[in-house]
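None of the values given here were measured: they were computed from a predicted structure.
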Amino acid sequence: MAATIKDIAKLAGVSPATVSRVLANKTAFFSADTAAKVQAAATTLGYQKNTAAAELVTQQSHVIAAIVNSTKTNFANHIIEGIQDAAYRQGLNVIILYAGDADPEQQRRALTTVIERPVRGILLLSVDLSAENLTYLQAAQIPYCFLSISFEEDQLPFITSDDWQVGYQGTQALLAQGHRQVGLAAVDSVHAHTGKLRLAGYTQALTEAGITPDPAWIQPGDYSYVAGQAAMRAYGQAPQVTAVLAGSDMAAIGVLNQARDFGLTVPQDLSIMAIDGTELCELVQPQLSSVSQSFYDMGVAGVEQLTTAQQRPPKITPITVVTRESVRFIES
């Protein structure tokens, strides 16, 4: 009987997954000593690679992996729904892993868990990989696509909203209601390309209106509820701003609840515009106006990106400004 990968793994004292990577020349995944042991074991056992079987595994796997950022927001639920529906229509299954919150070690563990399995492709939901982990992913030679995150490098496949427009249109909507002091809260405009684009759009909208934003109007954060609370605490009980564009629905609710703790009434004392537009906007009182993103469509497009042979450029999904109850018109 012909030797198998499991036979080589047993003789070399490594896992079958490691043997597969060595034999596939995926050099980023093992040491030179490990490679030598595997190659020696394969030679001893007279192993002959079954190329047809290997191609069958990589091309006909019925599993897509979704790796999710663990930041405490809720938008990922809608992307996953789109992924699952699109995968189901193509007879594919979905596995979901969490990659921590900007934690390179947790990213690496999630990637390794996926790469060691036969998967059709990998979708990364708002995961900003470290440089080392991006190299690790690319070396695996598995199709991948980032969702709800953008990069300066167009070579990376991603599907997201136009984040410059998110900041621009959200700010314009508040300006159109007479607000001249508009804050930007809980957006990571320091480290993340997505946040930098939103800040640029926000700044451009104010500039076109003849307004120079006070640095105190901009309170960065990680898009979470806690970040929204912290931003509102920084604005204080007598805020300079009359309106706030918040980085996510969760962050907007943090702003809302902290404003109430200060004794402020929304929208009479402070208007709030959320970014995301999930069902949370309609579950709070007052209901939150929002820059709503097409998260479900991102998930569907991500599956299509992985299951087509043609490499596609970065894709931008639509946004819509939705008026609800948390923004009021003020006299200039």
Side-chain angles (χ1 to χ4, degrees), residues 68-77 98-103 106 126-128 148-149 163 166-167 170-171 173-174 179-203 205-206 211-278 280-281 283-291 293 324-327:
V68 184
N69 186 317
S70 298
T71 299
K72 293 179 175 60
T73 58
N74 69 316
F75 72 90
N77 298 339
Y98 288 88
D101 184 4
D103 184 328
Q106 290 191 47
S126 197
V127 177
D128 191 1
S148 191
I149 188 171
D163 285 295
V166 167
T171 306
L174 294 170
H179 296 277
R180 303 282 294 175
Q181 293 82 38
V182 179
L184 181 66
V187 169
D188 184 1
S189 55
V190 178
H191 306 100
H193 184 59
T194 294
K196 292 176 182 178
L197 289 174
R198 292 181 180 181
L199 174 61
Y202 158 86
T203 303
L206 291 178
I211 301 169
T212 301
D214 188 305
W217 297 359
I218 302 167
Q219 296 296 328
D222 67 355
Y223 306 95
S224 66
Y225 175 87
V226 172
Q229 286 182 303
M232 190 62 224
R233 284 196 293 269
Y235 293 137
Q237 295 182 340
Q240 294 181 27
V241 296
T242 63
V244 175
L245 177 62
S248 72
D249 296 343
M250 292 289 283
I253 296 172
V255 172
L256 172 67
N257 288 346
Q258 185 61 52
R260 284 175 171 168
D261 288 346
F262 282 156
L264 302 174
T265 301
V266 175
Q268 286 76 15
D269 299 319
L270 181 72
S271 290
I272 301 173
M273 173 79 68
I275 294 173
D276 283 349
T278 68
L280 288 183
C281 291
L283 295 179
V284 296
Q285 291 296 325
Q287 293 186 350
L288 293 167
S289 296
S290 65
V291 183
Q293 302 191 68
R324 297 188 180 92
E325 302 167 350
S326 63
V327 175

For this session: Return yes if some donor-acceptor pair links the side-chain N/O of Gln287 with the main-chain N/O of Val284 below 3.5 Å, else return no.
Result: no
Exercise. Should the heavy atoms of other residues, nucleotides or ligands under 6.0 Å from OH of Tyr98 be counted, would the total exceed 12?
Worked result: no
Seminar exercise, completed: So OG of Ser271 and CG of Leu174: to nearest 0.5 Å the spacing works out to 7.0 Å
For this session: Taking all heavy atoms of Arg324 and all of Cys281, pick out the closest pair and write down the distance.
Result: NH1-CB, 3.5 Å
Seminar exercise, completed: Closest non-hydrogen atoms of Asp249 and Ala274, given as atom of the first, atom of the second and distance, are OD1-CB, 3.4 Å
Exercise. Is there side-chain contact between Met273 and Val244, with heavy atoms separated by less than 4.5 Å?
Worked result: no
Problem set entry | side chain to side chain contact (heavy atoms under 4.5 Å, CB included) between Leu270 and Met232, worked out | CA-CA 11 Å; Leu270 181 72; Met232 190 62 224; 3.7 Å; yes
Exercise. Measuring from Ser224:OG to Ile253:CD1, what's the distance to the nearest 0.5 Å?
Worked result: 12.0 Å
For this session: Given side chain to side chain contact (heavy atoms under 4.5 Å, CB included), test Ile218 with Tyr202 step by step and report yes or no.
Result: CA-CA 10 Å; Ile218 302 167; Tyr202 158 86; 3.8 Å; yes
Exercise. Any donor and acceptor pair, going by atom type alone, linking the side chain of Ser148 with main-chain N or O of Ser126 inside 3.5 Å?
Worked result: no
For this session: Heavy atoms only: give me the nearest Pro213-Leu206 pair and the separation to one decimal.
Result: CB-CD1, 3.7 Å
Seminar exercise, completed: Rounded to the nearest 0.5 angstrom, the OH-CG distance for Tyr223 and Asn69 is 10.5 Å
Problem set entry | Side-chain heavy-atom pair Tyr225, Asn257 within 4.5 angstrom cut-off | yes
Exercise. To the nearest 0.5 Å, what is the distance between CD (Gln181) and CD1 (Ile211)?
Worked result: 7.0 Å
For this session: Heavy atoms only: give me the nearest Ala186-Ala227 pair and the separation to one decimal.
Result: CB-CB, 3.8 Å
Exercise. Is the shortest heavy-atom distance from the side chain of Leu288 to the side chain of Ser326 under 4.5 Å?
Worked result: yes
Exercise. Do Arg198 and Ile275 come close enough that some side-chain heavy atom pair is under 4.5 Å?
Worked result: yes
For this session: Kindly give the heavy-atom pair with the smallest separation between Gln258 and Gln229, and that separation in Å.
Result: CG-O, 3.7 Å
Problem set entry | Steps toward side chain to side chain contact (heavy atoms under 4.5 Å, CB included) verdict (Phe75, Ser248) | CA-CA 8 Å; Phe75 72 90; Ser248 72; over 6 Å; no
Exercise. Atom OG1 in Thr194, atom CD1 in Ile149: separation rounded to 0.5 Å?
Worked result: 5.0 Å
Seminar exercise, completed: Rounded to the nearest 0.5 Å, the CG atom of Asn74 sits from the CE atom of Met250 at a distance of 6.5 Å
Exercise. Which atoms form the tightest heavy-atom contact between Ala76 and Val68, and what is the distance?
Worked result: CB-CG1, 3.9 Å
For this session: Might you work through the side chain to side chain contact (heavy atoms under 4.5 Å, CB included) test for Asp188 and Asp222, ending with a clear yes or no?
Result: CA-CA 6 Å; Asp188 184 1; Asp222 67 355; 5.9 Å; no
Exercise. Do Gln240 and Tyr235 have side chains that get closer than 4.5 Å, going by heavy atoms?
Worked result: no
